[in-house]
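To start, the structure itself, in structure tokens.
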Amino acid sequence: MKIRRIVTGFDRDGRSCVVSDGPAPRTHDFEHLPGFSNTVVWALADAVAPTGSPADPTPSLTTLMPGPGGSALTIVRFPPAAALAHVDVEAAAAEQARELPGLADTFDPDRPGFHATRTVDYQIVLSGELWLGLDTGEETHLRAGDVVIQNGTSHAWTNRTGEPAILAAVSIGTEQAG
């Protein structure tokens with residue numbers, strides 16, 4: 001998956017300018033989950049906006065889960081569920097652990113695909129269709145343009161169509177309640 005990323009900053013005179021324009025560097029097309037792709041477009045460790053010509057934080061991320069006040073923009077391509085019917089589960093899990101640090105740690109080993117994070121996520125279906133599954137067994141069918149506000153709840157995504165679906169997610173790190 002190729003995502004063009006334009007990053008703005010300031011020139012030496014303090015005027016706004018484009019400091020980079022090109023492919024987002026942290027993209028992974030999964031070998032053991034055919035058709036699944038994840039791109040971390042940008043991330044901030046805290047709520048402080050970068051100044052000047054900001055250095056690209058994405059290549060050096062050690063976790064995809066932002067801490068309190070941090071944020072991340074991720075674009076995910078979900079293949080049709082049928083494409084994942086015969087995956088090598090152990091190889092896929094190892095690849096996820098390597099390529100989705102922090103996020104892979106939130107996966108529920110007893111319920112494939114289910115995970116819960118310490119974030120509030122603003123998720124927008126950009127193309128295709130997805131089904132959002134929740135703990136209650138409730139499933140919500142989503143189409144392009146639909147938005148989900150995920151409040152740290154356990155959930156899973158399924159693509160039951162024959163075409164890929166693309167989801168944009170802005171994750172904002174939160175403090176754990178109680």
Discussion item. For a side chain to side chain contact (heavy atoms under 4.5 Å, CB included) check, start with the C-alpha distance between W157 and V148, then their side-chain angles and the critical distance, and finish with the verdict.
Written reply: CA-CA 12 Å; W157 300 101; V148 175; 4.2 Å; yes

Discussion item. Run F10 and R15 through side chain to side chain contact (heavy atoms under 4.5 Å, CB included) and show every step you take.
Written reply: CA-CA 5 Å; F10 298 93; R15 297 174 303 179; over 6 Å; no

Discussion item. Before you tell me yes or no, could you show the steps for V19 and C17 under side chain to side chain contact (heavy atoms under 4.5 Å, CB included), namely the whole-Å CA-CA distance, both residues' side-chain angles and the distance that decides it to 0.1 Å?
Written reply: CA-CA 6 Å; V19 296; C17 66; 4.0 Å; yes

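L103 contributes atom CG, which lies 8.0 Å from atom OG1 of T74 (distance to the nearest 0.5 angstrom). With values rounded to the nearest 0.5 angstrom, Q150 atom CD is found 13.0 Å from I172 atom CD1. Atom CD of E139 is separated from atom OG1 of T158 by 6.5 Å, given to the nearest 0.5 angstrom. In this structure, CD1 in I75 is found 8.0 Å from CD1 in I166, a value given to the nearest 0.5 Å. Between the NZ atom in K2 and the OG1 atom in T27 there is a gap of 7.0 Å [rounded to 0.5 Å]. Here the CG atom belonging to D105 is positioned 12.5 Å from the NE2 atom belonging to H115, to the nearest 0.5 angstrom.
Between D21 and R5, no side-chain nitrogen of the basic residue sits less than 4.0 Å from a carboxylate oxygen of the acidic one, so the salt-bridge criterion is not met.
Listed for the D29 side chain is no donor-acceptor partner under 3.5 Å among the backbone atoms of F36. At distances below 3.5 Å, not a single donor-acceptor pair connects side-chain atoms of R77 with backbone N or O atoms of S37. Put simply, the side chain of E129 never gets that close to the backbone of A144: no donor and acceptor are under 3.5 Å apart. With hydrogens and angles ignored, the 3.5 Å screen pairs no side-chain donor or acceptor of D88 with any backbone N or O of A92. Side-chain N or O atoms of T63 include one that pairs as donor or acceptor with a backbone N or O of M65 at under 3.5 Å. T39 places no side-chain N or O within donor-acceptor distance of the main-chain N or O of V41, the cut-off being under 3.5 Å. In terms of modelled atom types and a separation under 3.5 Å, the side chain of T174 and the main chain of R118 share a donor-acceptor contact.
Annotation: F107 is not in aromatic contact with F114 [ring centroid separation under 6.0 Å not met].
Between H141 and W131, the two ring planes are parallel [angle under 30°; tilted spans 30° to 60°].
V40 is listed as a side-chain neighbour of L64, based on a closest heavy-atom distance under 4.5 Å. Looking at heavy atoms from C-beta onward, L167 lies in side-chain contact with L130 at the 4.5 angstrom threshold.
E90 and H32 share no side-chain donor-acceptor pair at under 3.5 Å. Side-chain polar atoms of N151 and T153 form no donor-acceptor pair below 3.5 angstrom.
With a 4.5 Å cut-off between side-chain heavy atoms of Ile, Leu, Val, Met, Phe, Trp and Tyr, the cluster of V18 takes in I6.
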